[in-house]
Colleague: 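Have a look at this one.
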Amino acid sequence: MAEEVFSQRTTTCGSLTKADNEAKVILNGWVHRDRNHGALHFINLRDRYGITQVVVDDDASEELQAVANELHLEYCIAVTGTVRLRPDSMINPEMVTGEVEVKADKIEILSKCAPLPFQIDDGNEPREDLRLKYRFLDLRTQGMQKRMKLRHDFVFACRKFLSARDFYEIETPTMIKSTPEGARDFLVPSRIYPGKFYALPQSPQLLKQILMVGGMDKYFQIARCYRDEDARGDRQLEFTQLDLEMSFVKRDDVLSLMEELFGSVFKEVMDYDLPLHFRRLSYMDALNTYGCDKPDLRFDVELHDVNDLAQKSSFATFKDIVSQGGYVKALCAPKSDSVEFSRKYITALEDAAKIYGAKGLAWIKVGENNTFTGGVSKFFVGLEDELASEVGAKEGDMILFVAHENWKKCCASLSAVRTKLGKDLNLIKKSFEFCWIIDFPLFEYNEEAGHWEAAHHMFSMPQVEYLDTLEQDPGSVKGDLYDLVLNGYEVASGSIRIHDVELQKRIFRICNFDDKEAEERFGFLLNAFRYGPPPHGGIAPGIDRLVMIMAEQTSIHEVIAFPKNTAAISPMDDSPSLVDQQQLDDLHLIINYPKPKE
RNA sequence: GAGGGUGUAGCGAAGCUGGUUAUCGCGACGGCCUGUCACGCCGUAGAUCGCGGGUUCGAGUCCCGUCACUCUCGCCA
């Protein structure tokens, strides 16, 4: 087949300046705008690097005029021409290349473009499912181009930083053994071994630990992870982690490394200065103060424990909950210019609290000299100063309470109110507020299953003071675990790992895996641990979420080239899809379709 | 598995307590236009108002169901 010839670009659409005056150039790109004045034609030609104005003058040949008249938006073309300065009054200060234009001598249409399903960069953003179906067009928008660059810059900066710190980038398999904890696995049927399956990794957790046993010392990987769970704005079934692990380290080594990494990367990628060290909050303090383990520290509203005051009040509902061992927590909504604390708004706040289990949201408006009005104020007569001082309320503020017998639900409900207030009252400052959450509980009791399970995963080291008493009170055991939180999102999670066979087996037993089952499922790890495993630990920042936050977006779809939608479908290629019977036969699979609903 | 929101022309939107022929901007198509830069001007086509049912003299509008998308709870070590 003959090679197709076209006029190949000599420069890009973002690079020409005054200095290039009179240069002969060839540009390749897409028709971004086309302003036709009859005998005079302006074309904004776009590529990844920018936009340059191409002019077809009135002295153009008939052939050139004809081609120019044939152009439509998003035609892919090659322009051969001469750079010239624009007349002073025609300079466009909004454009990087606004001082020059290219007078076209020849235009070649490299490929035509069908009528567009939506317009590119016209200010009206189409619905997301349409954007995803035509992702190749969506990717041409300035926003997507910028975000893909940001993501590249971020990953590249991480690679440079870690490489300079003696990390090896090592790939681990994407088809591995299914392990029975955590999220639901994606399974890959084996053709060669009927009835057997590989699993796609939920993370390379065990593999990186075994790399440490293998003496790799410091490892990282840009690792794709797969979890078969329902999607959200900040998660989907496949995502990417900066997975890393180090030998001979303690917790603070991992935390400092990450502080240095993010300090370096944010500076390099965004010219943003992070503090040398990030704030550290224990899990308990985070819940008590902010109501959740991923607090948004861009604003200051804090939760307060007001059990004592609730007990002293005359409000029977609060007193009953406290006397039954429950909790009453309060926060102060600061006076706001943007939102009036109307009945309607308080109901909206209450709805936010109810999602997380609160039965109601009690409120008091604070007036001059701590006079209380409305809501439950009548039950706090005589306690005004004490309560206002406890929650830090001033004139014009509103105090909001959640009472619940369950501490976590109490926290979570009021935390939802806090988050809503932050948004609605414009309390959130534009910044990147990292913090560490440490001292997580190692185990959680699963009521449904009737046994303890790992709150994080089963390979995290218990803190040393609990080592002798793990089995007696698993609920009280704290682990050497840490999460990194940024602006209300969990962006990394890690731990110091167990590297002792016996200790690992004890953890398995507490989580209801007897030695036989542990050996079946995790034998390869236990076996490795028999051969001189080093103490080790690591962490795995989520790249999608981090880049999303850096790009000031609220959905990871905005920083993934080809995301799945919330129904786990890829609208562009229409996956998942049915396969041929022959493929099923090869894999020894029979589909057991669910019965249709009545 | 559950709840909220959205669905009107190719795209983005308006359409009030139900009432003539369902608007507007962009785009498409045809024409005009010599300095635009979201060019401008004139004209044309384009919508079973997501789908199905109901209430009503009359439904884009109200009710029920259903589908799609989206946010959230559950779930996500």
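We name chains A, B, ... by the order of the sequence lines, and we start the count at 1 in each one.
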Colleague: Salt bridge or not between A:Arg140 and A:Glu74? Use side-chain N to carboxylate O under 4.0 Å.
Modeller: yes
Colleague: Is a side-chain donor or acceptor of A:Arg48 paired with a backbone partner of A:Gln145 at a separation under 3.5 angstrom?
Modeller: no
Colleague: Expressed as a whole number of Å, how far does the C1' atom of B:rA28 sit from that of B:rA45?
Modeller: 9 Å
Colleague: So what does A:Glu453 hit on the nucleic acid, given a heavy-atom distance under 4.0 Å: a base, only sugar-phosphate, or nothing?
Modeller: nothing
Colleague: Between the base of B:rU36 and the ring of A:Phe42 - centre-to-centre under 5.5 Å, planes within under 30° - is that a stack?
Modeller: yes
Colleague: Between atom CD in A:Glu94 and atom P in B:rA38, what is the gap in whole Å?
Modeller: 8 Å
Colleague: Select base, sugar-phosphate, or nothing to describe what A:His41 touches, counting heavy atoms under 4.0 Å on all strands.
Modeller: nothing
Colleague: Determine, for A:Arg506 against A:Asp500, whether the closest basic-nitrogen to carboxylate-oxygen distance falls under 4.0 angstrom.
Modeller: no
Colleague: Within the 4.0 Å heavy-atom criterion, would you say A:Arg84 contacts the bases, only the backbone, or no part of the nucleic acid?
Modeller: base
Colleague: Provide the distance between the two P atoms, one in B:rG10 and one in B:rU66, to the nearest whole Å.
Modeller: 28 Å
Colleague: Tell me what A:Ile51 touches on the nucleic acid: a base, only sugar-phosphate, or nothing, going by heavy atoms under 4.0 Å.
Modeller: nothing
Colleague: Roughly how far apart, to the nearest Å, are B:rA59 and B:rA22 at atom C1'?
Modeller: 13 Å
Colleague: Please work out if A:Pro126 contacts a base, only the sugar-phosphate, or nothing of the nucleic acid, heavy-atom cut-off 4.0 Å.
Modeller: sugar-phosphate
Colleague: When you compare B:rA38 with B:rC26, how far apart are their P atoms, in angstrom units rounded to a whole number?
Modeller: 14 Å
Colleague: Salt bridge between A:Arg131 and A:Glu558, side-chain N to carboxylate O under 4.0 Å?
Modeller: yes
Colleague: Going through the distances and angles, do A:Asp57 and A:Lys103 end up as a side-chain contact (heavy atoms from CB on, under 4.5 Å)?
Modeller: CA-CA 7 Å; A:Asp57 266 340; A:Lys103 176 185 157 62; 3.3 Å; yes
Colleague: With rounding to whole Å, what would you report as the distance between B:rG53 and B:rU17 at their C1' atoms?
Modeller: 25 Å
Colleague: Which of the following nucleotides, B:rU34, B:rG27, B:rG35, is nearest to the side chain of A:Asp58?
Modeller: B:rU34
Colleague: From NZ of A:Lys420 over to C1' of B:rU72, roughly how many Å is that when rounded to an integer?
Modeller: 13 Å
Colleague: Taking atom P in both B:rG12 and B:rC69, what distance in whole Å separates the two?
Modeller: 15 Å
